[in-house]
Amino acid sequence: MTDVQVLIQRLDDGLPVPSYAHPGDAGADLYAAEDVELLPGERAVVGTGLAIALPDGYAAFVHPRSGLAAKYGVTLVNAPGTVDAGYRGEIKVTVINTDAKEPFRLSRGDRVAQLVVKRVERAAFTEVELLPGSARGTGGFGSTGR
Ligand SMILES: O=c1ccn([C@H]2C[C@H](O)[C@@H](COP(=O)(O)OP(=O)(O)OP(=O)(O)O)O2)c(=O)[nH]1
Ligand SMILES: [Mg+2]
């Protein structure tokens with residue numbers, strides 16, 4: 001399998017470049033550029049000190065880390081965040097502390113989220129009067145039961 005070439009620009013020299021912890025990993029860890037203290041229920045937009053350029057036909061998705069979620073209730077408000085191929089700004093993460101009681105202290109250099117690069121399709125949207133029928137129809141939002 002050949003790797004997708006992704007150009008990266010470090011906006012903060014003090015932070016490592018994103019890296020995969022193991023061969024075969026889908027997510028490359030992203031590092032927090034700032035110290036942030038999140039009170040229970042609080043959220044913050046945290047910089048990663050990183051900008052990227054993806055090839056056309058790709059997008060990158062900012063996913064939470066399961067360890068932070070399971071141990072501290074820390075996740076991302078907009079998980080997974082979408083990084084468009086043409087975006088050249090700093091990748092930021094929208095961290096939230098969902099714990100009811102414990103504050104969470106994020107330190108600069110902590111691995112705060114992970115970036116998953118994927119090939120994506122572009123759709124040609126065609127308006128019609130009536131959509132083709134299907135077995136599911138309009139059922140959703142629990143239509144099949146709990
Ligand atoms: O978790 C995220 C999500 C998005 N972005 C950046 C990359 C993305 O290309 C851009 C816009 O994201 P999105 O389209 O989700 O946000 P929007 O609220 O629709 O903003 P815009 O009007 O700029 O598209 O913001 C991040 O850095 N982190
Ligand atoms: Mg948008």
Side-chain angles (χ1 to χ4, degrees), residues 1-132 134 136 138-143:
M1 216 169 75
T2 51
D3 293 346
V4 181
Q5 295 302 310
V6 177
L7 303 178
I8 62 171
Q9 182 183 22
R10 260 199 283 185
L11 307 172
D12 182 329
D13 290 344
L15 295 174
V17 295
S19 65
Y20 296 104
H22 303 105
D25 280 2
D29 290 323
L30 296 173
Y31 298 85
E34 308 149 44
D35 296 327
V36 182
E37 166 131 10
L38 294 172
L39 298 176
E42 205 178 7
R43 68 175 187 268
V45 179
V46 177
T48 65
L50 183 76
I52 66 174
L54 293 155
D56 262 1
Y58 287 83
F61 298 93
V62 184
H63 285 260
R65 294 187 65 211
S66 64
L68 295 182
K71 286 185 201 150
Y72 308 106
V74 169
T75 185
L76 305 178
V77 180
N78 63 329
T82 307
V83 179
D84 300 286
Y87 180 68
R88 298 288 179 269
E90 182 181 14
I91 296 178
K92 295 182 181 175
V93 294
T94 58
V95 198
I96 184 164
N97 177 8
T98 68
D99 196 272
K101 294 187 197 136
E102 295 297 325
F104 181 77
R105 199 165 292 111
L106 184 70
S107 300
R108 174 179 157 79
D110 284 352
R111 292 174 297 152
V112 66
Q114 53 186 329
L115 197 68
V116 178
V117 174
K118 292 182 74 173
R119 183 183 274 284
V120 290
E121 305 294 335
R122 289 261 305 175
F125 296 106
T126 305
E127 188 177 4
V128 293
E129 286 293 327
L130 196 62
L131 295 171
S134 73
R136 174 172 281 273
T138 58
F141 302 95
S143 67

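Only a predicted model underlies this, so the values are computations on that prediction, with no experimental measurement involved. For this chain, numbers begin at 1 and follow the sequence in order. In each ligand, atom 1 is the first atom listed, and ligand 1 is the first ligand listed.
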task = For atom 28 (N) of ligand 1, state whether the nearest protein heavy atom is under 4.0 Å away.
result =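 Yes, there is one.
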query = Within 4.0 Å of atom 19 (O) of ligand 1 (strictly less), any protein heavy atom?
reply =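 Answer no: nothing from the protein, no heavy atom, is under 4.0 Å.
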request  = Distance to 0.1 Å, residue and atom name: give those for the protein heavy atom nearest to atom 7 (C) of ligand 1.
outcome  =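 For this ligand atom, the closest protein heavy atom is Y87 CD2, 3.3 Å.
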Nearest protein heavy atom with distance in Å, relative to atom 2 (C) of ligand 1 =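 That would be K92 O, 3.5 Å.
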When rounded to the nearest 0.5 angstrom, what distance separates [atom1] in [X] from [atom2] in [Y]?
{"X": "I52", "Y": "Q9", "atom1": "CD1", "atom2": "CD", "answer": "11.5 Å"}
{"X": "L54", "Y": "L115", "atom1": "CG", "atom2": "CG", "answer": "7.5 Å"}
{"X": "T48", "Y": "L30", "atom1": "OG1", "atom2": "CG", "answer": "5.5 Å"}

query = What atoms in ligand 1 come closer than 4.0 Å to a heavy atom of T82?
reply =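 Atoms satisfying the 4.0 Å criterion: 3 (C), 4 (C), 5 (N), 7 (C), 8 (C), 9 (O), 12 (O).
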request  = List every atom of ligand 1 that sits less than 4.0 Å from any heavy atom of E90, numbering the atoms from 1 in the order shown and giving each element.
outcome  =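 That gives atoms 27 (O) of ligand 1.
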Contact with ligand 1 for V93, non-hydrogen, under 4.0 angstrom =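 Judged by the 4.0 Å heavy-atom criterion, V93 does not count as contacting ligand 1.
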Reference residue V95; test side-chain contact (heavy atoms from CB on, under 4.5 Å); the match among V74, L68, T75 =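 Only one option passes, and that is V74.
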message = Any non-hydrogen side-chain atom of D12 less than 4.5 Å from a side-chain atom of R108?
response =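 With C-beta onward as the side chain, the pair touches.
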inquiry  = Suppose we screen for ring pair (Phe, Tyr, Trp, His ring centres under 6.0 Å). Which residues come up paired with F104, at least two apart in sequence or across chains?
reply    =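 Result, ring pair (Phe, Tyr, Trp, His ring centres under 6.0 Å) vs F104: Y72.
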Ligand 1-proximal atoms of N78, by part, heavy-atom distance under 4.0 Å =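 The answer is the side chain of N78.
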ask   = Using heavy atoms and a threshold below 4.0 Å, how should the contact between D84 and ligand 1 be classified: side chain, backbone, both, or neither?
value =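 Both backbone and side chain.
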Salt bridge (Lys or Arg N to Asp or Glu O under 4.0 Å) pairs, two or more places apart, involving residues 109-123 =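 For residues 109-123: D29-R111.
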